[in-house]
*Asks:* 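Right, I'll just put the structure down here and ask away after.
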Amino acid sequence: MAQREYNFTDIETKWQGYWEGCCLFHTDDSKKKDKFYCLVMFPYPSGTLHVGHGRNYIIGDVVARYKIMKGYNVLSPIGWDAFGLPAENAAIKGGTHPAAWTHKNIKAMKHQLRRWGVGYDWDREVTSCNPDYYKWTQWIFLKLYENDLAYKKKAAVNWCPSCSTVLANEQVVDGCCERCDSPVRQRDLVQWFFRISDYAQKLLDDLSLLEGWPERVKTMQANWIGRSEGVRIDFRLEGSGEILPCFTTRPDTLYGVTFVSLAPEHPVIEQLVTGSPCEGEVMAFVERARNQGMVERTAEDAVKEGIFTGTYVINPVNNTKVPLWIGNYVLMEYGTGAVMGVPAHDQRDFLFSKKYHLPVKAVIQPEGESLYAETMKEAFTGEGVQVNSEAFNGMLNTRAMVAIAEHLEMKGLGKRTVTYRLRDWLISRQRYWGAPIPIIYCETCGTVPVPESQLPVLLPEEIEFLPQGMNPLAKIDSFVNTTCPKCAAPAKREVDTMDTFVDSSWYFLRYLSPKDNNQPFDKKKVNEWLPVDQYIGGVEHAILHLLYSRFITKALYDLDFIGCKEPFHHLFTQGMIIKNGAKMSKSKGNVVSPEVLIEKYGADTQRLYTLFIGPPQKDAEWNDRGVPGAHRFLNRLWQKVVEFEESYAKVGRTQIDMQKLPPKAKAIYRQTNQTIKKITDDLDTSWHFNTAIASIMELLNNIDSFKVVAPRNTGEELEFRVFRYSMETILLLMAPFVPHICEELWEAMGHKPSIFHNKWPEYDKDAIQEEEVEIVIQVNSKVRSHISVPVDISDKKLKECVMKDERVISYIEGKTVVKTIIIPKKLVNIVVK
RNA sequence: GGGCGAGUGGUGGAAUGGCAGACACGAAGGACUUAAAAUCCUUUGACCUUAAACGGUUGUGUGGGUUCGACUCCCACCUCGCCCACCA
């Protein structure tokens with residue numbers, strides 16, 4: 001009788017339908033089992049998925065299926081991060097409405113996820129561009145606004161004068177507009193911010209709670225928050241005596257200050273130069289520096305430029321008069337927007353002083369050396385001893401840092417402060433395809449939040465997309481014109497929308513009650529299900545998305561909306577899929593489409609290859625030629641099981657007694673148990689799916705050489721039962737990786753579906769113990785021989801055996817044994833002279 | 001410039017102080033076939049020795065160190081990738 005073929009297409013369709021039918025991934029909140037919230041970063045619906053994207057969802061699916069078999073109540077939801085610029089660009093280019101474009105892509109991607117056999121609780125699907133979702137994004141904005149965590153201020157945007165439109169950073173290429181190539185300028189607009197900087201310390205401190213996060217992600221976040229301790233020193237303007245605070249982390253260099261430099265944006269500049277002879281020149285410089293834009297101004301080899309304001313300031317510590325400059329390298333957003341210039345001990349200041357012929361004054365000497373300002377070729381930034389620093393001379397500069405700071409505080413000339421690099425989160429976008437900011441401007445009442453009862457502020461559907469002009473919403477009169485919620489007078493709506501990172505910083509809360517029309521999330525359910533047990537996504541989100549989500553979670557916690565301080569308990573960041581030396585992406589033109597592979601080899605093959613390609617936390621090179629290898633393995637597994645399809649039911653199912661097994665069957669039984677241990681350990685800790693799969697391949701290779709026959713007499717039956725046990729174990733162990741084929745073969749072996757309703761196999765502790773071990777014998781650290789000995793052999797006995805070995809004898813003959821090193825169960829090294 | 005990774009056969013990778021190259025891919029040879037595909041078997045880091053087997057030497061980016069023993073730990077350097085970047 002001809003054997004059944006491995007018809008993966010039919011099998012995969014069958015089981016995908018089955019899982020949906022039996023609600024395998026449907027999560028019932030009321031279940032009493034331990035919960036496991038498994039979350040993959042929800043995708044942006046940009047078009048279609050390629051095999052590189054697949055890695056993320058396949059890993060998530062493996063974990064979810066494994067935890068189901070381990071008996072957890074697993075929640076594995078999915079949704080769509082559906083607002084954003086590409087949809088709007090597509091509208092400008094192709095004339096499709098962003099909503100239509102987005103929903104078309106969602107449909108296509110949903111189909112792809114299904115065909116991968118990736119399971120989700122589709123009843124919980126959320127789509128961030130739907131009003132029933134963004135209503136609550138707006139609600140979060142209102143809560144932050146009510147609690148002074150959202151505010152507005154002027155901030156610069158990239159402005160293309162020729163398109164007269166605002167550009168996102170990624171639309172600026174080499175300082176020019178990506179569309180028309182004209183130089184981008186900076187323009188100030190009033191924009192909305194979230195006060196994430198208020199949470200800088202908490203976000204930093206609580207990194208220590210995140211035990212299940214990779215160290216490198218925590219380090220990246222800590223660096224991004226960028227806490228630095230320093231001193232605010234109050235310089236005084238000559239003449240007016242007005243205070244000009246400067247921030248420094250190096251108060252020990254205070255006596256070496258030879259100038260002070262302001263950011264071009266510094267508010268004091270205008271009042272200083274107005275009416276002065278250099279006004280025109282200075283304001284022209286400021287204008288130029290500001291239009292340089294951040295891109296150019298912060299470039300690696302940016303030229304340091306400055307201009308003298310004509311004013312002097314007084315160094316509070318010694319009343320020295322130094323010139324006040326403006327420097328394009330000084331940032332208004334960091335510290336106080338004014339820095340003290342110490343050319344002798346800061347490289348940037350050194351270069352600046354050389355360019356503008358400002359004096360250099362050394363105040364720290366390296367031990368045993370003397371620095372002379374005239375001969376210095378670069379700034380000295382190391383540790384040393386204070387000189388030219390009055391009372392502090394002779395002190396180590398590290399001590400002087402503290403001493404000078406204390407001195408300044410005592411005299412009321414400054415204050416020790418902590419500064420963070422983290423800046424407030426600018427959430428305004430001058431775009432259509434985002435959640436409208438729920439704010440109304442009234443001539444009498446000012447800025448008025450939209451009342452909760454009037455949410456959502458709906459995006460108008462009828463809209464024109466042009467490559468030019470301000471925010472498209474500003475042109476829709478019916479949207480802009482409204483009435484003030486307070487006084488009912490005619491008023492105007494805010495026309496900016498929110499950064500899409502706002503949408504994605506709370507979606508994991510919405511999954512818990514996705515259809516609730518009365519509240520954004522159910523506090524009780526949030527407290528039950530959060531934190532997310534396992535979050536899986538790309539390392540490119542290590543900073544922004546993960547920090548914003550942490551911030552929103554903390555803010556909601558402080559406002560008592562949820563009882564959880566940190567959203568994600570364990571984080572897994574998978575590596576990129578590389579093809580031909582570059583990240584797989586549409587723009588690089590190196591994408592591999594899953595459809596072709598699925599048609600030719602099936603989804604299980606693609607899953608297996610993706611998992612086998614390398615450790616998932618590392619980048620991996622995709623090689624199409626490797627795919628048939630994965631398929632070959634599945635085919636072999638198929639043949640092996642199906643070959644005996646008729647026999648499985650005929651043999652009894654009593655416990656196997658290992659001691660009664662013939663040697664070969666015993667070895668297979670032992671290896672099967674060792675494989676259970678190996679795979680379970682891999683899934684629980686290291687996630688090295690590649691070596692997990694390799695160990696199953698090894699097991700199957702050995703089973704192959706264990707010529708099984710369909711049982712006819714009693715002795716054969718015993719061997720056949722070991723074979724059946726091993727094959728069943730392989731199916732259970734492989735089920736999370738390649739679920740379709742395992743379901744089908746599980747059924748072929750005489751079981752009722754689903755394989756996922758079975759318990760994860762456990763290994764027999766006695767069975768994994770080897771009786772004999774092979775010992776490596778080295779002479780002078782070179783491998784010279786091997787012997788096989790019982791595991792429990794004593795060191796003395798082992799040494800005796802080793803010394804009897806012929807090859808050992810020939811190597812140590814005529815030499816003196818200096819020492820013998822014995823590593824139990826592994827190796828013996830004889831050192832001779 | 002700062003931070004974080006990574007460098008192992010023709011390729012993806014394995015080994016985290018103890019036999020380097022597991023498991024795959026590819027390649028070469030063979031079996032089956034009218035033929036091809038599929039499948040199965042054998043070989044496969046380099047070099048030396050040998051009729052063959054056995055054997056030997058060498059080998060994990062470079063140079064040093066620690067150790068009986070180093071891909072693995074320490075120091076210095078080179079190269080590549082990612083993230084950030086004039087942060088006072």
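In this text, all values refer to a predicted model and were calculated from it rather than measured experimentally. Below, chains carry the letters A, B, ... as their sequence lines are ordered, and counting in each starts from 1.
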*Asks:* Base, sugar-phosphate, or nothing: which does A/N635 touch, judged by heavy atoms less than 4.0 Å apart?
*Replies:*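 Here A/N635 touches no strand at all.
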*Asks:* By the 4.0 Å heavy-atom rule, please label A/V776 as base, sugar-phosphate, or nothing.
*Replies:*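 Here A/V776 touches the bases of the nucleic acid.
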*Asks:* Tell me if B/G9 is syn or anti. Syn = glycosidic torsion within 90° of 0, anti otherwise.
*Replies:*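 Syn, which is what one calls it when the glycosidic angle falls within 90° of 0.
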*Asks:* For this output row, return yes or no: ring centroids of A/W425 and A/F193 closer than 6.0 angstrom.
*Replies:*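 When the ring centroids of A/W425 and A/F193 are compared, they turn out to be at least 6.0 Å apart.
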*Asks:* Within the structure provided, determine whether A/E383 and A/D252 are in side-chain contact (heavy-atom separation under 4.5 Å).
*Replies:*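 With C-beta onward as the side chain, the pair stays apart.
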*Asks:* With heavy-atom distances below 4.5 Å as the criterion, would you say the side chains of A/Y420 and A/S197 are in contact?
*Replies:*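 Counting from C-beta outward, A/Y420 and A/S197 never come under 4.5 Å.
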*Asks:* Using a cut-off of 4.0 Å on non-hydrogen atoms, how would the nucleic acid contact of A/E774 be classed: base, sugar-phosphate, or nothing?
*Replies:*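 Result for A/E774 = base.
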*Asks:* Apply side chain to side chain contact (heavy atoms under 4.5 Å, CB included) to residues A/L827 and A/I777 and explain how you reach the verdict.
*Replies:* CA-CA 6 Å; A/L827 151 152; A/I777 306 175; over 6 Å; no
*Asks:* Measuring only the P atom in each nucleotide, how far is B/A20 from B/G59? A whole number of Å is fine.
*Replies:*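 Straight-line distance between the two P atoms is 12 Å.
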*Asks:* Under 4.0 Å between a side-chain nitrogen and a carboxylate oxygen: does that hold for A/E621 and A/K579?
*Replies:*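 No.
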*Asks:* Checking side-chain polar atoms at under 3.5 Å, does A/Q674 have a donor or acceptor matched by the opposite partner on A/E770?
*Replies:*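 A donor-acceptor contact under 3.5 Å links the two side chains.
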*Asks:* Sticking with atom P, work out how far B/G26 lies from B/C80, rounded to a whole angstrom.
*Replies:*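 Rounded to whole Å, the distance is 32 Å.
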*Asks:* Rounded to whole Å, please give me the gap between CG in A/D624 and C1' in B/C25.
*Replies:*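 Atom-to-atom, A/D624 to B/C25, this comes out as 12 Å.
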*Asks:* Answer with yes or no whether the side chains of A/E305 and A/Y329 bring together a donor and an acceptor at under 3.5 Å.
*Replies:*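 Result is no, nothing qualifies.
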*Asks:* Could you tell me the separation between the CD atom of A/E215 and the P atom of B/G5, rounded to a whole number of Å?
*Replies:*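 It is 9 Å, rounded to the nearest whole Å.
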*Asks:* Residues two or more places apart in sequence or in another chain: which of them pass side-chain hydrogen bond (donor to acceptor under 3.5 Å, both in side chains) with A/Y6?
*Replies:*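 For A/Y6, no residue satisfies side-chain hydrogen bond (donor to acceptor under 3.5 Å, both in side chains) once neighbours in sequence are set aside.
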*Asks:* Contact class for A/Y811 (heavy atom, under 4.0 Å): base, sugar-phosphate, or nothing?
*Replies:*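 The answer is sugar-phosphate, as A/Y811 gets under 4.0 Å only of primed atoms, P, OP1 or OP2.
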*Asks:* Rounded off to whole Å, could you give me the CG-to-C1' distance for the A/N223 and B/C4 pair?
*Replies:*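 Rounded to the whole Å, the gap is 9 Å.
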*Asks:* Indicate whether OP1 or OP2 belonging to B/U58 is found under 4.0 Å from a side-chain N or O atom of A/K782.
*Replies:*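 The answer is yes; a side-chain N or O of A/K782 sits under 4.0 Å from OP1 or OP2.
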*Asks:* Can you measure A/L634 atom CG to B/A24 atom P for me and round it to whole angstrom units?
*Replies:*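 For the pair A/L634 CG and B/A24 P, the rounded distance is 13 Å.
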*Asks:* Heavy atom of residues 335-342 of chain A under 4.0 Å from RNA chain B: which residues?
*Replies:*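 Those residues whose heavy atoms fall under 4.0 Å from RNA chain B, taken from residues 335-342 of chain A in numerical order, are A/V339.
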*Asks:* With pairs defined as Watson-Crick or G-U wobble and both distances under 3.5 angstrom, please note down RNA chain B as a dot-bracket string, | for pairing with another strand.
*Replies:* (((((((..(((.....[....)))((((((.......))))))((((......))))..(((((..]....))))))))))))....
*Asks:* Indicate, with yes or no, if the rings of A/F350 and A/H345 have centres closer together than 6.0 Å.
*Replies:*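 Ring centres of A/H345 and A/F350 not closer than 6.0 Å.
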*Asks:* Under 6.0 Å between ring centres, would you say that holds for A/Y609 and A/W622?
*Replies:*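 So the answer is yes for these two rings.
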*Asks:* Take the protein atom OH of A/Y334 and the nucleotide atom P of B/C84, then report the distance between them rounded to whole Å.
*Replies:*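 To the nearest whole Å, that distance equals 18 Å.
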*Asks:* Regarding A/K678 and A/T691, do their side chains bring together a donor and an acceptor under 3.5 Å, going by distance alone?
*Replies:*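 A pair is found: one side chain offers a donor N or O, the other an acceptor, under 3.5 Å apart.
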*Asks:* Distance between the P atoms of B/U11 and B/G2, in whole angstroms?
*Replies:*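 Roughly 33 Å separates the two P atoms.
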*Asks:* Heavy atoms only, 4.0 Å cut-off, all strands: where does A/W622 land among base, sugar-phosphate and nothing?
*Replies:*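 Touches nothing.
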*Asks:* NA contact type, A/S228, heavy-atom cut-off 4.0 Å: base, sugar-phosphate, or nothing?
*Replies:*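 It contacts sugar-phosphate atoms only.
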*Asks:* Taking 4.0 angstrom as the limit, do A/D704 and A/R636 come out as a salt bridge?
*Replies:*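 Yes, A/D704 and A/R636 are salt-bridged.
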*Asks:* Rounded off to whole Å, could you give me the CD-to-P distance for the A/Q574 and B/C82 pair?
*Replies:*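 It works out to 17 Å between those atoms.
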*Asks:* How long is the line joining CZ of A/R632 and C1' of B/C23, in whole Å?
*Replies:*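 These atoms are roughly 14 Å apart.
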*Asks:* Can a side chain N or O of A/R348 be found less than 4.0 Å away from OP1 or OP2 on B/C87?
*Replies:*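 So the side-chain polar atoms of A/R348 do come within 4.0 Å of the phosphate oxygens OP1 or OP2 of B/C87, strictly under.
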*Asks:* Say we look at B/C87 and B/A14: how far apart would their P atoms be, to the nearest angstrom?
*Replies:*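 Approximately 38 Å lies between the P atom of B/C87 and that of B/A14.
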*Asks:* Out of curiosity, A/T675 OG1 to A/D682 CG, how far, rounded to the nearest 0.5 Å?
*Replies:*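 Interatomic distance, A/T675 OG1 to A/D682 CG, rounded to 0.5 Å: 11.0 Å.
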*Asks:* One character per nucleotide, please: for nucleotides 6-15 of chain B, 5' to 3', B when the base has a protein heavy atom closer than 4.0 Å, S when only the sugar-phosphate does, - otherwise.
*Replies:* ------BSS-
*Asks:* When the C1' atoms of B/C77 and B/C68 are compared, how many Å lie between them, rounded to an integer?
*Replies:*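 Their C1' atoms lie roughly 29 Å apart.
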*Asks:* Go through the N and O atoms of the side chain of A/R636 and the base of B/C40, and report whether any donor-acceptor pair is under 3.5 Å.
*Replies:*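 Side chain to base: no pair present.
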*Asks:* What integer number of Å spans the C1' atoms of B/G17 and B/A88?
*Replies:*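 Their C1' atoms lie roughly 46 Å apart.
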*Asks:* Looking at A/D619 and A/M576, would you say the former's side chain and the latter's main chain have a donor-acceptor pair under 3.5 Å?
*Replies:*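 Yes, because the side chain of A/D619 sits within donor-acceptor range (under 3.5 Å) of the backbone of A/M576.
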*Asks:* Any ion pair linking A/D346 and A/R348 (charged N to carboxylate O, less than 4.0 Å)?
*Replies:*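 Salt bridge present between A/R348 and A/D346.
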*Asks:* Below 4.0 angstrom, N of the basic side chain to O of the carboxylate: do A/R236 and A/D234 qualify?
*Replies:*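 Judged by the 4.0 Å cut-off on N to carboxylate O distance, A/R236 and A/D234 do not form a salt bridge.
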*Asks:* 5'-most contact on RNA chain B: A/R216 or A/F633, nearest heavy atom basis?
*Replies:*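 Checking each residue's closest nucleotide, the 5'-ward one belongs to A/R216.
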*Asks:* Using atom CG of A/L608 as one end and atom P of B/C23 as the other, report the distance to the nearest whole Å.
*Replies:*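 Going from CG in A/L608 over to P in B/C23 covers 16 Å.
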*Asks:* Parallel, tilted or perpendicular: which one describes the rings of A/Y356 and A/W325, with boundaries at 30° and 60°?
*Replies:*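 Rings of A/Y356 and A/W325: tilted, 30 to 60°.
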*Asks:* Does A/K799 have more than 12 heavy atoms from other residues, nucleotides or ligands lying within 6.0 Å of its NZ?
*Replies:*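 Open.
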*Asks:* Scan nucleotides 42-50 of chain B against the protein and return all N/O pairs shorter than 3.5 Å with their distances rounded to 0.1 Å.
*Replies:*
none

*Asks:* Would you classify A/I543 as touching base, sugar-phosphate or nothing, given that sugar-phosphate means primed atoms plus P, OP1 and OP2, and contacts are heavy atoms under 4.0 Å?
*Replies:*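 Counting heavy atoms under 4.0 Å across all strands, the contact made by A/I543 is with sugar-phosphate only.
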*Asks:* Mind checking the P distance from B/A27 to B/C32? Whole angstroms is fine.
*Replies:*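 Comparing P positions in B/A27 and B/C32 gives a spacing of 22 Å.
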*Asks:* May I ask you to evaluate whether A/R250 reaches the phosphate of B/C87, defined as a side-chain N or O under 4.0 Å from OP1 or OP2?
*Replies:*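 For B/C87, OP1/OP2 do not have a side-chain N/O of A/R250 under 4.0 Å.
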*Asks:* Indicate, with a heavy-atom threshold strictly under 4.0 Å, whether A/R421 touches base, sugar-phosphate, or nothing.
*Replies:*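 If one applies the 4.0 Å heavy-atom cut-off, A/R421 turns out to touch a base.
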*Asks:* Any donor-acceptor pair under 3.5 Å linking the side-chain atoms of A/S788 with those of A/E774?
*Replies:*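 Absent: no donor and acceptor within the cut-off.
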*Asks:* Can you build the contact string for nucleotides 66-71 of chain B? Use B for base contact, S for sugar-phosphate-only contact, and - for no protein heavy atom under 4.0 Å.
*Replies:* --BS--
*Asks:* Using the P atom on both, measure B/A70 against B/U66 and round to a whole Å.
*Replies:*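 Each nucleotide's P atom is 11 Å from the other's.
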*Asks:* Students often get this wrong, so: under 4.0 angstrom with heavy atoms, is A/R232 touching a base, only sugar-phosphate, or nothing?
*Replies:*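 Contact class for A/R232: none.
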